[in-house]
2 protein chains.
Amino acid sequence: MLSKKTQYAFHALIHLAENADKGPILISEIAQEKNISIKFLENILLELKNAGILGSKKGKGGGYYLLKTPKEVPLAKIIRLLDGAIALLPCVSLNYYEKCENCRDEAVCGLNDVMGKVRDATLKILENKTLKDILTRNVSIF
Amino acid sequence: MLSKKTQYAFHALIHLAENADKGPILISEIAQEKNISIKFLENILLELKNAGILGSKKGKGGGYYLLKTPKEVPLAKIIRLLDGAIALLPCVSLNYYEKCENCRDEAVCGLNDVMGKVRDATLKILENKTLKDILTRNVSIF
DNA sequence: AAAAAGCCTATCTTTTTTATAGAGTTTATG
DNA sequence: CATAAACTCTATAAAAAAGATAGGCTTTTT
């Protein structure tokens with residue numbers, strides 16, 4: 001399951017994309033619109049900013065805005081940023097690899113083999129689907 | 001990520017499958033072999049038993065054994081039993097469905113759409129790969 | 001009867017997730 | 001230039017989940 005953090009990030013990004021023409025958007029506006037604790041959302045937007053996905057402006061008239069077009073933001077990137085590994089086992093994670101405890105040889109491990117296939121199938125979708133793809137079907141529903 | 005519980009379950013099942021000819025296997029033997037806390041493993045094996053995957057025998061000469069052939073145990077079943085939902089969002093889970101909070105209409109939600117595809121791709125593998133598949137490549141490695 | 005082994009339920013500890021607090025910094029504007 | 005608006009940053013707290021342990025109970029073998 002995706003954490004609340006990642007889910008909130010998606011919802012916030014959708015809101016920002018849908019209102020990209022309106023200049024910087026207030027954290028408080030997004031929080032209210034999507035029913036998210038404003039302080040929690042603050043941290044999430046900050047992470048998205050530090051990752052280069054969002055820009056921000058301080059002071060009156062400030063707020064957050066997308067630095068990239070929705071098509072340039074793969075869903076996998078958001079998930080990795082907020083949740084970490086996408087793979088089901090550390091030993092098949094591309095971005096957060098760790099050896100499984102007790103593992104003697106991944107090359108001969110059947111679990112490693114299968115979970116690697118799951119990772120590939122998952123990433124094929126999440127690396128190619130972008131923020132744009134979750135907008136089209138979504139006509140300001142959230 | 002799969003929980004330790006699920007990972008331990010896989011390792012235990014592999015051990016039981018590899019020693020299926022030796023009659024009931026002691027919890028303590030599996031625990032030692034796979035470096036798992038014996039008490040924690042006890043709970044896991046009990047769940048597998050209650051799910052009809054393992055059988056057990058009490059008293060001297062007792063232990064656990066597979067009730068099914070490895071080919072009859074899909075990996076998805078084990079994951080669901082110990083970890084719950086496989087899907088990334090509650091609203092696309094087949095076995096643990098829940099409506100997302102704030103969701104007005106799943107039929108128009110782009111996230112629901114994409115995550116449904118991820119679920120399908122994942123299940124296509126995990127429903128079809130079985131205990132047998134993680135044995136073949138694995139020659140008593142754990 | 002005694003020992004071996006699984007059964008069952010409860011509790012405890014640790015880690016992770018979710019949420020909050022509050023002082024700091026930047027910027028617009030009257 | 002003072003003030004208010006808004007994001008920034010770091011720390012902490014609360015809640016939930018995961019991981020682990022404890023101990024008495026039941027069944028079975030010898």
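In this text, all values refer to a predicted model and were calculated from it rather than measured experimentally. First the proteins, then the strands, lettered A, B, ... as listed; each starts at 1.
Summarising the geometry, the separation between CG on Leu82(B) and P on dA17(D) is reported as 17 Å, rounded to the nearest angstrom. Atom C1' of nucleotide dA20(D) and atom CG of Leu46(B) are separated by 16 Å, given to the nearest angstrom. What separates CD of Gln7(B) from P of dA18(D) is a distance of 13 Å, to the nearest Å. One interatomic measurement links the two molecules: CD of Glu29(B) to C1' of dG6(C), which rounds to 15 Å at whole-angstrom precision. Across the protein-nucleic acid pair, Ile30(A) atom CD1 and dC7(D) atom C1' stand 12 Å apart, rounded to whole Å. Between the C1' atom of dA17(D) and the CE atom of Met1(A) lies a distance of 14 Å, rounded to the nearest Å.
Scanning for side-chain hydrogen bond (donor to acceptor under 3.5 Å, both in side chains) contacts around Lys129(B) gives an empty result, with sequence neighbours left out. Under the side-chain hydrogen bond (donor to acceptor under 3.5 Å, both in side chains) criterion, Thr69(A) pairs with Glu72(A), not counting sequence neighbours.
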Completion exercise
5' to 3', nucleotides 14-22 of chain C under a 4.0 Å protein heavy-atom cut-off (B base, S sugar-phosphate only, - none) gives ----SBBBB

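For Glu127(B) and Lys77(B), the salt-bridge test fails: no basic side-chain N is under 4.0 Å from an acidic carboxylate O. Salt bridge status for Lys4(A) with Glu101(B): present, with a side-chain N to carboxylate O gap under 4.0 Å. A salt bridge links Asp113(A) and Lys117(A); the closest N-O separation between the charged side-chain nitrogens and carboxylate oxygens is under 4.0 Å.
The 5' end of DNA chain D is approached more closely, in terms of each residue's nearest nucleotide, by Lys60(A) than by the other of Lys60(A) and Lys49(A).
Listed by residue number, Lys57(A), Lys58(A), Gly59(A) are the residues of residues 51-59 of chain A with a heavy-atom contact under 4.0 Å to DNA chain C.
Within 4.0 Å (heavy atoms only), Ile27(B) reaches sugar-phosphate atoms of the nucleic acid but no base atom. Within the nucleic acid shown, Leu26(A) comes within 4.0 Å of sugar-phosphate atoms alone, with no base atom in reach, counting heavy atoms only. Across all strands, Ile25(A) comes closer than 4.0 Å only to sugar-phosphate atoms, never to a base (heavy-atom distances).
Leu13(A) pairs with exactly one of Ile134(A), Ile30(A), Ile53(A) by the side-chain contact (heavy atoms from CB on, under 4.5 Å) rule, that one being Ile53(A).
For Glu33(B) and His11(B), the side-chain atoms include no donor-acceptor pair closer than 3.5 Å.
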Which donor-acceptor pairs under 3.5 Å do the side chains of residues 38-45 of chain B make with protein atoms, sequence neighbours left out?
unit_1: Lys39(B); atom_1: NZ; unit_2: Glu42(B); atom_2: OE1; d: 3.4
unit_1: Asn43(B); atom_1: ND2; unit_2: Lys39(B); atom_2: O; d: 3.2

N/O donor to acceptor pairs below 3.5 angstrom from side-chain atoms of residues 81-97 of chain A, sequence neighbours left out:
unit_1: Asp83(A); atom_1: OD1; unit_2: Ser3(A); atom_2: OG; d: 2.4
unit_1: Asp83(A); atom_1: OD1; unit_2: Thr6(A); atom_2: OG1; d: 3.1
unit_1: Asp83(A); atom_1: OD2; unit_2: Ser3(A); atom_2: N; d: 3.0
unit_1: Asp83(A); atom_1: OD2; unit_2: Thr6(A); atom_2: OG1; d: 3.4
unit_1: Ser93(A); atom_1: OG; unit_2: Tyr96(A); atom_2: N; d: 2.8
unit_1: Tyr96(A); atom_1: OH; unit_2: Arg80(A); atom_2: O; d: 2.9
unit_1: Tyr97(A); atom_1: OH; unit_2: Glu106(A); atom_2: OE2; d: 2.5

